[in-house]
*Asks:* 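Take a look at the following structure, please.
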Amino acid sequence: MTSKTLERRLATFTIGFLAIYIPFETWWSWGHGLFLDPFYVVDFIGMVLLLWGALYSRRRPGTPGVLAAGWAWTSANFWRAFWDRVQAFSAGEPLDFGEFELCIVGSAA
């Protein structure tokens, strides 16, 4: 498998990932109020980088820089979210969905 084929497959996977991630994260960040969570800006930047990188890599294989940056940004954000939940759980604070939430966020990171 060539690097361009691998890049194209990653770009296709990324588009599928975004089809699930964008609506779910938007719904989750909306919370129970009228406004999005301020941390949604960090998620949005990752979404834009992933979409831009995936579309660019599908159009011009051999240029995975933006796609790699999008995955790096989003992965770092997932790790931040995971450790925020670990800290809250360790302090005895309730999570919205308990231990299940910790497992889901941990598996995404």
Side-chain angles (χ1 to χ4, degrees):
M1 178 179 326
T2 67
S3 62
K4 289 182 180 183
T5 303
L6 184 61
E7 180 184 350
R8 188 175 291 272
R9 287 184 181 177
L10 179 59
T12 302
F13 171 80
T14 301
I15 292 169
F17 171 78
L18 287 171
I20 296 167
Y21 176 55
I22 290 172
F24 180 78
E25 189 62 36
T26 303
W27 170 78
W28 184 271
S29 295
W30 207 271
H32 306 289
L34 298 173
F35 302 102
L36 284 169
D37 183 327
F39 285 112
Y40 187 75
V41 172
V42 178
D43 295 316
F44 183 74
I45 292 169
M47 292 171 193
V48 168
L49 285 171
L50 285 171
L51 183 60
W52 177 22
L55 295 176
Y56 194 74
S57 288
R58 298 245 337 129
R59 194 169 4 127
R60 294 187 60 186
T63 54
V66 178
L67 184 58
W71 276 110
W73 181 281
T74 303
S75 298
N77 187 36
F78 285 169
W79 277 108
R80 181 215 43 88
F82 172 71
W83 287 109
D84 281 351
R85 285 170 174 83
V86 167
Q87 184 179 15
F89 189 76
S90 297
E93 298 174 20
L95 299 175
D96 290 339
F97 294 100
E99 293 177 20
F100 177 72
E101 179 181 344
L102 190 60
C103 291
I104 293 299
V105 173
S107 65

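Basis for what follows: all heavy atoms, side chains included, without hydrogens, waters or symmetry-related copies.
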*Asks:* Say you draw a straight line from CZ of Arg85 to CD of Glu93; how long is it, rounded to the nearest 0.5 Å?
*Replies:* 12.0 Å

*Asks:* Apply side-chain contact (heavy atoms from CB on, under 4.5 Å) to the pair Leu36 and Val41, showing each step before the final yes or no.
*Replies:* CA-CA 9 Å; Leu36 284 169; Val41 172; over 6 Å; no

*Asks:* Please report the C-alpha distance between Trp27 and Trp30 in whole Å, then the side-chain angles of each, then the deciding distance to 0.1 Å, and finally whether the side-chain contact (heavy atoms from CB on, under 4.5 Å) criterion is met.
*Replies:* CA-CA 5 Å; Trp27 170 78; Trp30 207 271; 5.8 Å; no

*Asks:* Kindly work out whether a path of hydrophobic side-chain contacts (I/L/V/M/F/W/Y, heavy atoms less than 4.5 Å apart) joins Phe78 to Leu18.
*Replies:* yes

*Asks:* Quick one: pull up CZ in Phe39 and CD in Glu25 and give me the separation to the nearest 0.5 Å.
*Replies:* 12.0 Å

*Asks:* Measuring from atom OG1 of Thr63 to atom NZ of Lys4, what distance do you get when rounded to the nearest 0.5 angstrom?
*Replies:* 9.0 Å

*Asks:* Rounded at 0.5 Å granularity, tell me how far OH in Tyr40 sits from CH2 in Trp28.
*Replies:* 14.5 Å

*Asks:* Between Arg80 and Val42, is a side-chain contact (heavy atoms from CB on, under 4.5 Å) present by the stated rule, with each step listed?
*Replies:* CA-CA 11 Å; Arg80 181 215 43 88; Val42 178; 5.5 Å; no

*Asks:* About how many Å separate CG of Leu10 and CG of Leu6, when rounded to the nearest 0.5 Å?
*Replies:* 7.0 Å

*Asks:* When Met47 is tested against each of Ile45, Leu50, Asp43 for side-chain contact (heavy atoms from CB on, under 4.5 Å), which residue passes?
*Replies:* Asp43

*Asks:* Under 4.5 Å between side-chain heavy atoms, counting indirect links through other Ile/Leu/Val/Met/Phe/Trp/Tyr residues: same cluster for Ile22 and Val48 or not?
*Replies:* yes

*Asks:* Would Leu49 and Trp73 count as a side-chain contact (heavy atoms from CB on, under 4.5 Å) if you check the C-alpha gap in whole Å, the side-chain angles of each, and the deciding distance to 0.1 Å?
*Replies:* CA-CA 8 Å; Leu49 285 171; Trp73 181 281; 4.1 Å; yes

*Asks:* Specify the closest pair of heavy atoms between Glu7 and Pro64, including all atoms of both residues, with the distance to one decimal.
*Replies:* OE2-N, 3.4 Å

*Asks:* Do Trp52 and Val66 come within less than 4.5 Å of each other through their side chains, counting heavy atoms only?
*Replies:* yes

*Asks:* Can you measure from CZ (Phe17) to CZ (Phe13) and round to the nearest 0.5 angstrom?
*Replies:* 7.0 Å

